[in-house]
Asks: 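Dumping the structure here so I can ask a few things about it.
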Amino acid sequence: MSLYARIAQKIERNLAEAAAKAKTQGELDFGELPSFVLEEPRERQHGDLATNLGMVLAKQAKRSPREVAEILIRHLETDNTWIESSEIAGPGFINFRLNPRWLSAVIPEVLREGQAYGRVNLGQGKKVQVEFVSANPTGLLHMGNARGAALGDSLASLLQMAGYEVSREFYINDAGNQIHNFALSLEARYLQLLGQDAPIPEGGYHGEDLLDTVQGLMDRDGDKYLNMDAGLRQEFLVRYALAEKMGQIRETLKDFGVEYDVWFSEQSLHDSGFVRSTMEDMEKKGYIYEKEGALWLKSTLFGDEKDEVVVRSNGIPTYFAADIAYHRNKFERGFDQVINIWGADHHGHVARMKGAMAALGIDPDRLQIILMQLVRLIQNGEVVRMSKRSGQYITLRELMDEVGKDAARFTFILRDPDSAVEFDLDLAKSQSADNPVYYIQYAHARLCSILRQAGDTEAEAEIPAERELELLLDSQEERALLKKMADFPDEISLAARLLEPHRLARYVLDLAGLFHTFYNSHRVLVEEEGLRRARLALIRSTRQVIANVLGILGVSAPERM
RNA sequence: GCGCUCGUGGCUCAGCUGGAUAGAGCGUCUGACUACGAAUCAGAAGGUCGGGGGUUCGAAUCCCUCCGAGCGCACCA
């Protein structure tokens, strides 16, 4: 919890006590104390903290909100709260002004904790798994995967910062129908390279990258699969291609700053019989029935729109069946919470997946699914329909080459996953310097530059005493900067609770802005020794917090640029 | 047709699960480098929060309805 939150908590308790005291003394009449908020008002002039307690109590107490507020203030204990003044405002808010000296504790706290500043214990060591990207290994990673990668990775880092034990996982869809189509497509490409007229089958993959893949195999083994039995040939091709594609995916994600703890194979669930046994278990519980030769899950019992097929009439389990087994497996591995990041085109699967968990006796609330709207690509002013099957898409690799890892990641993280983003590639290229990420990185580089100017020894100097800081850093710009830094642990808590890393992107943007404003109105390297030391400590703290946030977002914090 | 999600200045988006006068960036306009990085800063213009009802002290936020957009509604994944 942040310094600020601790102060607010104390005042909140005192407010509740004030109400209770007023009640015992017969000044206020009410039953249960209603829930009220004590929060930072948007408007500066409304003080540092404001509460609506007077308003929420007014009805029960049968007095005007302002009267109630007046009574509350009279009974409020303000010792050890930093409260400097309280006033009634507007329809009945009580506004508190704090003595700004509380801010003097921020710098020592930031510098003492360093990289760990911002860490909170919301998670209390609970195990959380974040599964993201999980792209089909039938092609290259595209823009939508890029968004998922940026979001999932920073969410995972955020949760770590919030005290969870986090595991990043990639689910490899290396089984099922699509792999069959993949095999047929590979085979067609292979035969094409050998001069045959082999069309890519319906439902196949038209991506040009498959030509390269097949060429790689050709370079190694020549035409040795040409006269082989088709089934066997397809198997060789797929095995080779899967390994190659997964290697590329791994490599690309790594370059994008994402490293997974676990790569989980769908095929392994079939091989071990776990898919089958999971279906049997659900059948025993009576959630499965047979119709028209297929096995159906009664997912409508759990809020799904219709029942779903889990085993086709040909005896082959569906993707859904494997996915159920997979999620069951996750929980059996001991995760308290499981978070999936899915494209919004899969929203219809949420209810049935949660339903399947319920059918297995797993609390569906332990599975959280973040839906991410798709990225629409604009090129030459037109929407480019991206599709892996058609082979028409911009790859993550190209994106990194064009706009850079930092800018690409930040662009995605800045936005709420629920908003459909339009990505104009031409614009992204031409305006790359306008990406807000540079605004933040520039602030960081500037901070480093000041510290360089000051000389390493001085920059490493011991932290000035709080009393000294509170007397010296008293300008509006300095206080705003300190306050923002003081908020950081709370921002982590909130963002982690809501699973919204984009809040941190907004936060660091604000922080960088406050620094730039400070920089333009005050000089750090002044003659006066005490002030100079105090401001250098402020600079070091700011640099630290910016670096911490960028670290979570997977964006580099350059010392020069 | 049914369901999910989303409609916020010209453009791209925030808005802390109901708070006071709705905020940034880009673009436009006016200013600031003979001191630590001008990739910066200060200021201005620009809004019926898609429309209409409702809930209450109070709504961009919650409910209903209509309009518009995206995505789903396979024995595909």
Side-chain angles (χ1 to χ4, degrees), chain A residues 37 39-43 45-46 50-52 54-56 58-59 64-65 89-93 95 136 138 173 175-179 181 203 266 291-296 304-306 308-320 322-323 343-351 371 373-374 376 388 411 414-416 418-422 424 427 431 433-436 438-443 445-454 487 490-491 494-495 497-498 500 502-503 505-507 509-510 512-513 515-526 532 535-536 539 560-561:
Chain A
V37 293
E39 64 182 2
E40 187 180 354
R42 200 162 36 209
E43 293 291 321
Q45 332 148 11
H46 296 138
T51 182
N52 63 352
M55 289 179 284
V56 297
K59 197 170 207 174
S64 79
F93 287 103
N95 294 340
N136 286 335
T138 52
N173 300 124
N177 231 340
Q178 55 163 356
I179 291 300
N181 288 331
E266 176 185 355
K291 193 178 83 179
E292 292 161 9
L295 296 183
W296 299 69
D304 197 1
E305 292 171 40
K306 55 188 258 314
E308 299 289 332
V309 171
V310 286
V311 179
R312 292 188 274 258
S313 50
N314 62 8
I316 298 174
T318 60
Y319 170 89
F320 182 44
D323 226 16
D345 53 339
H346 287 74
H347 65 76
H349 302 207
V350 175
L371 292 175
Q373 296 295 322
L374 302 184
R376 292 207 302 166
K388 208 167 253 195
T411 301
L414 190 58
R415 291 170 168 74
D416 183 330
D418 226 339
S419 68
V421 304
E422 291 200 344
D424 188 322
L427 209 68
Q431 296 192 338
D434 288 333
N435 190 303
Y438 299 108
Y439 181 82
I440 298 156
Q441 290 184 319
Y442 181 65
R446 224 180 196 183
L447 287 155
C448 290
S449 173
I450 298 170
L451 294 172
R452 272 197 302 274
Q453 292 276 336
D487 286 341
D490 297 332
E491 294 285 345
L494 185 66
R497 215 174 61 232
L498 301 175
E500 292 182 351
H502 74 271
R503 285 172 185 283
R506 298 280 159 188
Y507 171 80
L509 218 39
D510 288 347
F515 162 66
H516 284 310
T517 296
F518 158 78
Y519 178 88
N520 279 281
S521 51
H522 301 281
R523 193 174 152 74
V524 176
L525 303 176
V526 290
R532 176 187 172 102
R535 287 196 174 147
L536 271 171
I539 292 307
R560 300 170 200 267
M561 53 191 289

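The sequence lines fix the lettering, A, B, ..., with proteins before strands; numbering per chain opens at 1. Below, all heavy atoms of this structure are taken into account, side chains as well, without hydrogens, waters or symmetry copies.
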Asks: Using a 4.0 Å heavy-atom cut-off across all strands, classify A/His46 as base, sugar-phosphate, or nothing.
Replies: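 It contacts base atoms.
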Asks: Would you say A/Ile539 and A/Tyr519 make side-chain contact, with heavy atoms under 4.5 Å?
Replies: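 No, side chains not in contact.
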Asks: Less than 3.5 Å between a donor and an acceptor, one on the side chain of A/His347 and one on the base of B/rC71, is that the case here?
Replies: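 Yes, a donor-acceptor pair under 3.5 Å.
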Asks: Is A/Tyr439 near enough to B/rC41 that one of its side-chain N or O atoms lies under 4.0 angstrom from OP1 or OP2?
Replies: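 Checking B/rC41 against A/Tyr439, a side-chain N or O does come within under 4.0 Å of OP1 or OP2.
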Asks: What I'd like to find out is whether the side chain of A/Arg452 reaches to under 4.5 Å of the side chain of A/Arg560, using heavy atoms alone.
Replies: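 They are in contact (side-chain heavy atoms under 4.5 Å apart), so the answer is yes.
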Asks: Counting the benzene-type ring for Trp, do A/Tyr442 and A/His516 have ring centres under 6.0 Å apart?
Replies: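 Here the rings of A/His516 and A/Tyr442 have centres that are less than 6.0 Å from each other.
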Asks: What integer distance in Å separates A/Leu509:CG from B/rG23:P?
Replies: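 Result: 17 Å.
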Asks: Do A/Lys306 and A/Glu308 have side chains that approach each other closer than 4.5 Å (heavy atoms only, starting at C-beta)?
Replies: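 Yes, close enough: below the 4.5 Å cut-off.
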Asks: Checking base pairs now: Watson-Crick or wobble, both atom distances under 3.5 Å. What partners B/rA39?
Replies: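 WC or wobble partner does not exist here.
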Asks: Distance check, C1' atoms only: B/rC63 and B/rU56, in whole angstrom units.
Replies: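 Taking atom C1' in both B/rC63 and B/rU56, they lie 13 Å apart.
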Asks: Among B/rA14, B/rG19, B/rA39, find the nucleotide with the atom closest to the side chain of A/Phe93.
Replies: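 Closest nucleotide to the A/Phe93 side chain: B/rG19.
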Asks: Measure from the side chain of A/Glu39, starting at C-beta and using heavy atoms only, and say which of B/rG19, B/rC75, B/rG37 lies closest.
Replies: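 So the side chain of A/Glu39 is nearest to B/rG19.
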Asks: Within the pair A/Arg535 and B/rC36, is there a side-chain N or O less than 4.0 Å away from OP1 or OP2?
Replies: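 No, because none of the side-chain N or O atoms of A/Arg535 sits under 4.0 Å from OP1 or OP2 of B/rC36.
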Asks: Assign A/Ala443 to base, sugar-phosphate, or nothing according to its heavy-atom contacts below 4.0 angstrom with the strands shown.
Replies: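 A/Ala443: no heavy atom of the nucleic acid under 4.0 Å.
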Asks: Closest nucleotide of RNA chain B for A/Glu308 versus for A/Leu498: which of these residues is on the 5' side?
Replies: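 Per heavy-atom nearest nucleotide, the more 5' residue is A/Leu498.
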Asks: Using a cut-off of strictly less than 4.0 Å, decide whether A/Tyr519 has a side-chain nitrogen or oxygen near OP1 or OP2 of B/rA38.
Replies: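 Result: yes.
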Asks: Please classify the nucleic acid contact of A/Asn95 as base, sugar-phosphate, or nothing, using heavy-atom distances under 4.0 Å.
Replies: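 Base, at least one base atom sits under 4.0 Å.
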Asks: Any N or O donor-acceptor pair linking the side chain of A/His349 to the base of B/rA77 at under 3.5 Å?
Replies: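 A donor-acceptor contact between them is present.
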Asks: Under a 3.5 Å limit for both distances, which nucleotide forms a Watson-Crick or G-U wobble pair with B/rG68, could you say?
Replies: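 Per the H-bond distance test, B/rC6.
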Asks: CG of A/Asn435 versus P of B/rA24: gap in Å, rounded?
Replies: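 Result: 20 Å.
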Asks: In whole Å, I'd like the distance from the NE2 atom of A/His516 to the P atom of B/rC41.
Replies: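 Atom NE2 in A/His516 sits about 6 Å away from atom P in B/rC41.
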Asks: A/Tyr438 side chain N/O closer than 4.0 Å to the phosphate oxygens (OP1, OP2) of B/rA39?
Replies: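 False: A/Tyr438 side-chain N/O out of range (4.0 Å or more) of B/rA39 OP1/OP2.
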Asks: Which one is paired to B/rC73, where only Watson-Crick or G-U wobble pairs with both distances under 3.5 angstrom count?
Replies: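 Looking at the geometry, B/rC73 pairs with B/rG1.
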Asks: Pick the C1' atom in B/rA38 and in B/rA60, then give their distance to the nearest Å.
Replies: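 It works out to 37 Å between them.
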Asks: Across the strands shown, which category fits A/Ala344 at heavy-atom distances under 4.0 angstrom: base, sugar-phosphate, nothing?
Replies: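 Sugar-phosphate, no base atom in range.
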Asks: For a quick check under 3.5 Å, do A/Asn173 and A/Gln178 share a side-chain donor-acceptor pair by atom type?
Replies: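 There is no such pair (donor and acceptor under 3.5 Å, judged by atom type) between the side chains of A/Asn173 and A/Gln178.
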Asks: Hey, is the side chain of A/Asp345 pairing donor to acceptor with the base of B/rG72 inside 3.5 Å?
Replies: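 There is none.
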Asks: In this structure, how many angstroms lie between the P atom of B/rC4 and the CD atom of A/Glu305, rounded?
Replies: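 Taking CD of A/Glu305 and P of B/rC4, I get 8 Å after rounding.
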Asks: Only pairs with both distances under 3.5 Å count, Watson-Crick or wobble alike; so what is the partner of B/rC11 in this structure?
Replies: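 Base-paired to B/rG25.
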Asks: Regarding A/Arg506, tell me which of base, sugar-phosphate or nothing describes its non-hydrogen contacts under 4.0 Å with the strands shown.
Replies: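 The answer is sugar-phosphate, as A/Arg506 gets under 4.0 Å only of primed atoms, P, OP1 or OP2.
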Asks: What nucleic acid atoms does A/Thr517 come within less than 4.0 Å of, heavy atoms only: base, sugar-phosphate, or nothing?
Replies: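 Sugar-phosphate contact only - A/Thr517 comes under 4.0 Å of backbone atoms but never of a base.
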Asks: How many Å lie between CZ on A/Arg503 and P on B/rC13, as a whole number?
Replies: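 After rounding, the gap between these two atoms is 18 Å.
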Asks: Using atom C1' of each nucleotide, how far apart are B/rU30 and B/rU48 to the nearest Å?
Replies: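 My reading of the C1' atoms in B/rU30 and B/rU48 gives 30 Å.
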Asks: Using a heavy-atom cut-off of under 4.0 Å over every strand shown, decide if A/Ser419 touches base, sugar-phosphate, or nothing.
Replies: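 Since only primed, P, OP1 and OP2 atoms lie under 4.0 Å of A/Ser419, the category is sugar-phosphate.
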Asks: Which nucleotide, B/rG37, B/rC73, B/rG19, lies nearest any side-chain atom of A/Lys306?
Replies: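 Closest nucleotide among those given: B/rC73.
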Asks: Looking only at side-chain atoms of A/Gln453, point me to the closest of B/rC57, B/rU40, B/rC36.
Replies: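 Shortest atom-to-atom distance from the side chain points to B/rC36.
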Asks: Starting at atom CD of A/Gln373, determine the distance to atom C1' of B/rA69, rounded to an integer number of angstrom.
Replies: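 About 11 Å, once rounded to whole Å.
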Asks: Regarding A/His502, tell me which of base, sugar-phosphate or nothing describes its non-hydrogen contacts under 4.0 Å with the strands shown.
Replies: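 Sugar-phosphate only.
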Asks: If you look at every strand shown and take non-hydrogen atoms under 4.0 Å, does A/Phe320 touch a base, only sugar-phosphate, or nothing?
Replies: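 Since no nucleic acid heavy atom lies under 4.0 Å of A/Phe320, the category is nothing.
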Asks: For A/Asp416, report the nucleic acid contact type (base, sugar-phosphate, nothing); a contact means any heavy atom under 4.0 Å.
Replies: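 Sugar-phosphate contact only.
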Asks: With rounding to the closest Å, how many angstrom separate the P atoms on B/rU61 and B/rU5?
Replies: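 It comes out at 16 Å once rounded to the nearest Å.
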Asks: Please report the distance, rounded to the nearest Å, between CG in A/Asp304 and P in B/rC73.
Replies: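 A/Asp304 atom CG is separated from B/rC73 atom P by 11 Å.
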Asks: Measure the shortest side-chain to side-chain distance between A/Arg506 and A/Leu414 over non-hydrogen atoms and say whether it is less than 4.5 angstrom.
Replies: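 Counting from C-beta outward, A/Arg506 and A/Leu414 do come under 4.5 Å.
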Asks: What nucleic acid atoms does A/Ala50 come within less than 4.0 Å of, heavy atoms only: base, sugar-phosphate, or nothing?
Replies: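 Base contact.
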Asks: When rounded to the nearest Å, what value does the distance between P atoms of B/rC33 and B/rG47 take?
Replies: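 Each nucleotide's P atom is 32 Å from the other's.
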Asks: Base, sugar-phosphate or nothing for A/Asn177? Non-hydrogen atoms, less than 4.0 Å.
Replies: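 Answer is sugar-phosphate: A/Asn177 comes under 4.0 Å of backbone atoms only.
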Asks: Would one find a side-chain N or O of A/Arg532 under 4.0 angstrom from OP1 or OP2 of B/rA35?
Replies: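 No, no such contact exists.
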